[in-house]
Structures are given as C-alpha cells and as structure tokens.
Amino acid sequence: MECPEFDLVMTLGSGQTFHWRPVNALGGEGFTGCIGSTSVTLRQEGSRLLYRGGSPELLSRYFAFDHDLEAIRSSCAGHPVSQSASLACRGLRVMRQPLWECLASFILSPMKQVAHISQMSLALRSAYGTPLKDTPVPAFPEAGSLAEAGVEELRKCGLGFRAKSLHATASLVASGEFDPESLLMMSTGEARAELCKLPGIGRKVANCILLFAYERLEVVPVDVWVARILGSFRKPGSRKMTLEQLEIYGERQLGPYAGYIQQYLFHQARTGELKLPKPKSKPKPKPKPKASRKKMGGTNPSLPIVGGKTFL
DNA sequence: ACCCAGGGGCAAG
DNA sequence: CTTGCCCATGGG
C-alpha cells in the first residue's frame, strides 16, 4: 500500500512497542509480528508499505497514518531544539496500539530497557498467548490467561517484581472490575487517575499508556532521559522541579502535541544526536558484601537492536 | 520528605 | 569472569 510520511524502522525502534522482530521477508529486511490477533509481516520501500497479513485499514489505524505530521511539526515552530528533532525524526509516528496489550506491556517496563522488555513480552506471548500462523510472534495473552497463570508462573517469564503487578492488574481486568475501554471517553486527567490506581502503574507508565494506546498526544511521560532533556531547556541554576512539575513544564513548552515532540526529542537523545549537558554522575557509595555467580543461557541474537529505553 | 528493594541484560574492566 | 550500571514503583 502507499503510505503517507512514514519511517517503519524508526517507528518500531522508538520504544513504543516491544514485539516486532526483524526478518528477511517480502524481498528484503522487514519485520514480523502481529496487531492484536492478526499476524503481520512488513517491509517498507520508499513510500510503499509492503505487507502480508492485515489490511490497509488495520495498518493505517495501528500506525496512525491519519496523524498530520506536518501540523505536528509546526506546533513547535517557535522552539528550535524541538524543530530540529522533529525534522530529524520525520516519519516517526506515535502509534495507536491495542489497549490491553499496551497497558500490560508497560507494566513490564519499569527499570527495564527496551531489549529486556522485548524478551519478557516474547516469553509471555510464547507461554500464554495464542500462536499465530505466518509469524513466530504469538498474540499478547488475554488478561484471563495471565490471571489464571498465577504470580509464580509469570515470574518464570523473567518478570521479577513486575509479576505481582501484572498478575494483579490482569485479574482486575479479567473480572471486569477494570475495563480498559471505559477510559476512552474520559478526560486525560480522569483516565490517568484510573490507570494510576492499578498495581504497577505510576504516573510515568500511565502516561506511556495514554500516549501510545489512548491517543492522548499532549501527554509527556517523564523518565530520566526526558527529565534531562527538559532540564536542559531551563536556565542554569533554576530551581529543581519534581518529575510532575517537569511534566507540566514539558506540556507547556512543547505544545498541543507535546507527546509527539517528546518522542522526537527522546529518540534524538537516545541515538546521541541530541547533546545533553550532564549524563549525571552519581556519587553513590556501594556497600557490597556479596559475591555471586550464575549464568543465564541463550541470548537471542535476532532480537530487535533498539538501544534503549522504555517508554517511550 | 527521604530511603531503598529488586532483577537481569549488557558494557566495561 | 566480575563488577557497575540502568531506573519506575511502592512501601517503610
């Protein structure tokens, strides 16, 4: 299909989604995965998006081809750094992901980098998701399947302390006590408050979900990178802001599509194209009495090469 | 308001 | 192989 301004590689590599795998398909380097329970294999050739599985309508919705990127870029015209990042990230789109899949995936994200979130996602999909034809990536498990599995079983997928949060949230969704769809018609503030009631979801994770699944394009998830970026916009010596204050500041500075602009800045910072003052050193003394061993088996060399971070 | 557990991959030594 | 680093949430 013909697609509007779009960069498949940058979009899938920007930390929004964790289950697309690089493959050689459709005549070159592409990706395979799924959208909900529909298996899809993709490859971009210029303005053409080659696909196997799915439909133009499904892909257009998922990749948000309806977002007017030119208008989004213009929205921060008065901010030189954002302008520059927006231009460098042309074609990077903030996606519109399935609600439960996105919500559950970001519960996995705290304290983890993209590469590891991908591994956890794949482990969960393989153990509890429905296998699909034409792709090695199973669908994301239903809430009921995860609730039924139990915390200890989920922990075996390498979730660590996130197993408890994911299991508790999955149980709330499976019982109908929490319905992801019910947030669709709420204001962003109300929806955020509801998300933050769920175990394992704090303000940052809630904002990621709002941005990547609920299309709240003004929301700015503030992690250490974004905090660093926003901090660099302020005068040296300004008073420190809390993360929430930085978030408000970011929304004001970056305009009505602050979430999009933030994604561009984040991507620039992660790829080293945006220079930041202090990577921040920590004078942290470490009382370490222990020695350990333990080695894990097989790293999968074909996992996504995204360097980086969660959130966004 | 402050402090810190907790987990596993990964880069560096 | 060993060590240090990464970093959101929740509970004390």
Side-chain angles (χ1 to χ4, degrees), chain A residues 13 15-16 18-19 21 102-124 126-127 151-172 178 192-212 219-231 239-247 250 262 266 269-272 276 278-312:
Chain A
Q16 305 178 55
F18 308 103
H19 66 289
R21 300 187 37 157
C102 182
L103 192 161
S105 295
F106 275 92
I107 286 179
L108 306 179
S109 72
M111 301 291 294
K112 285 299 174 190
Q113 294 185 298
V114 173
H116 190 234
I117 301 169
S118 297
Q119 292 179 34
M120 292 188 281
S121 173
L122 183 60
L124 284 173
S126 300
V151 180
E152 288 312 313
E153 286 299 308
L154 294 186
R155 206 179 288 273
K156 291 177 184 170
C157 292
L159 306 197
F161 60 83
R162 299 158 201 79
K164 192 176 162 193
S165 302
L166 181 62
H167 181 259
T169 294
S171 300
L172 290 170
F178 178 83
R192 180 189 292 117
E194 289 304 306
L195 287 171
C196 286
K197 288 179 187 170
L198 298 171
I201 299 185
R203 192 162 178 112
K204 189 270 182 178
V205 168
N207 284 338
C208 287
I209 298 165
L210 289 170
L211 181 59
F212 300 134
V219 168
V220 179
V222 180
D223 68 348
V224 291
W225 286 88
V226 173
R228 210 172 286 161
I229 293 165
L230 292 174
R239 279 197 42 167
K240 279 180 229 162
M241 286 181 163
T242 64
L243 290 181
E244 188 170 335
Q245 287 172 323
L246 270 177
E247 181 186 320
Q262 162 271 165
F266 177 82
R270 290 309 313 227
T271 56
L276 292 170
K278 299 179 164 182
K280 186 78 171 193
S281 61
K282 57 169 60 173
K284 190 108 183 183
K286 190 132 193 203
K288 195 66 175 177
K290 277 266 167 63
S292 65
R293 53 251 67 75
K294 205 88 174 188
K295 238 272 146 228
M296 283 297 295
T299 49
N300 187 337
S302 67
L303 281 175
I305 43 177
V306 276
K309 164 10 252 173
T310 72
F311 117 123
L312 313 206

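We use all heavy atoms of the structure for the numbers below, so side chains are in, but hydrogens, waters and symmetry mates are not. So you know, we letter chains A, B, ... as the sequences are listed, proteins then strands, and number each from 1. No experiment lies behind these values; they were computed from the predicted model shown.
Inter-residue side-chain proximity for A/Ile107 and A/Leu103 is flagged as met; some heavy-atom pair is nearer than 4.5 Å. Side-chain contact between A/Leu108 and A/Leu166 is present, with at least one heavy-atom pair separated by less than 4.5 Å.
Atom-to-atom, CZ of A/Arg228 to P of C/dC6 comes out at 8 Å; the value is rounded to the nearest Å. Atom CE in A/Met120 sits about 10 Å away from atom C1' in B/dG9, given to the nearest Å. The distance between atom CG of A/Leu103 and atom C1' of C/dT9, rounded to the nearest whole Å, is 15 Å. Residue A/Phe161 contributes atom CZ, which lies 17 Å from atom P of B/dC4 at whole-angstrom precision. Between the CG atom of A/Leu108 and the P atom of B/dG8 there is a distance of 13 Å, given to the nearest Å. Rounded to a whole Å, the NZ atom of A/Lys197 is 17 Å from the P atom of C/dT9. In this structure, the CD atom of A/Gln113 is 12 Å from the C1' atom of B/dG7, given to the nearest Å. For A/Arg155 and B/dG7, the CZ to C1' distance is 10 Å, given to the nearest whole Å.
Pairing each heavy atom of A/Leu230 with each of A/Leu246, the nearest pair is CD1-O, 3.4 Å.
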Which pairs, protein N/O on one side and nucleotides 10-12 of chain C N/O on the other, fall under 3.5 Å?
{"from": "C/dG10", "atom 1": "OP1", "to": "A/Gly200", "atom 2": "N", "distance (Å)": "2.5"}
{"from": "C/dG10", "atom 1": "OP1", "to": "A/Ile201", "atom 2": "N", "distance (Å)": "3.4"}

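For A/Arg162 (side chain) and A/Pro110 (main-chain N/O), a donor-acceptor pair under 3.5 Å exists by modelled atom type.
Partner of A/Leu159 under the side-chain contact (heavy atoms from CB on, under 4.5 Å) criterion, out of A/His167, A/Lys164, A/Met120: A/Met120 alone.
Comparing C/dT9, B/dG7, B/dC10 against the side chain of A/Pro110 picks out C/dT9 as the nearest. Distances were taken from every side-chain heavy atom of A/Lys204 (C-beta onward) to each of C/dT9, B/dG8, B/dC10; the shortest belongs to C/dT9. Each of B/dC10, C/dT9, B/dG8 was ranked by its minimum atom distance to the side chain of A/Lys112; first place goes to B/dG8. In the set B/dG8, C/dT9, B/dC10, B/dC10 carries the atom at the smallest distance from any side-chain atom of A/Gln119. Across B/dC10, B/dG8, C/dT9, the shortest atom-to-atom separation from the side chain of A/His116 is found for B/dG8.
In this structure, A/Lys112 NZ and A/Gln119 CD are separated by 9.0 Å, a value rounded to the nearest 0.5 Å.
Note on A/Glu247 versus A/Arg192: salt bridge recorded, some NZ/NE/NH1/NH2 to OD/OE distance being below 4.0 Å.
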Determine which bases of DNA chain B form Watson-Crick or G-U wobble pairs with both distances under 3.5 Å, and write the result as a 5' to 3' dot-bracket string with | for other-strand partners.
.||||..||||||
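Residues passing the side chain to side chain donor-acceptor pair (under 3.5 Å) test with A/Ser171: none are found, sequence neighbours excluded.
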In sequence, state the C-alpha distance, the side-chain angles, and the governing distance for A/Phe106 and A/Leu195, and then conclude on side-chain contact (heavy atoms from CB on, under 4.5 Å).
CA-CA 11 Å; A/Phe106 275 92; A/Leu195 287 171; over 6 Å; no
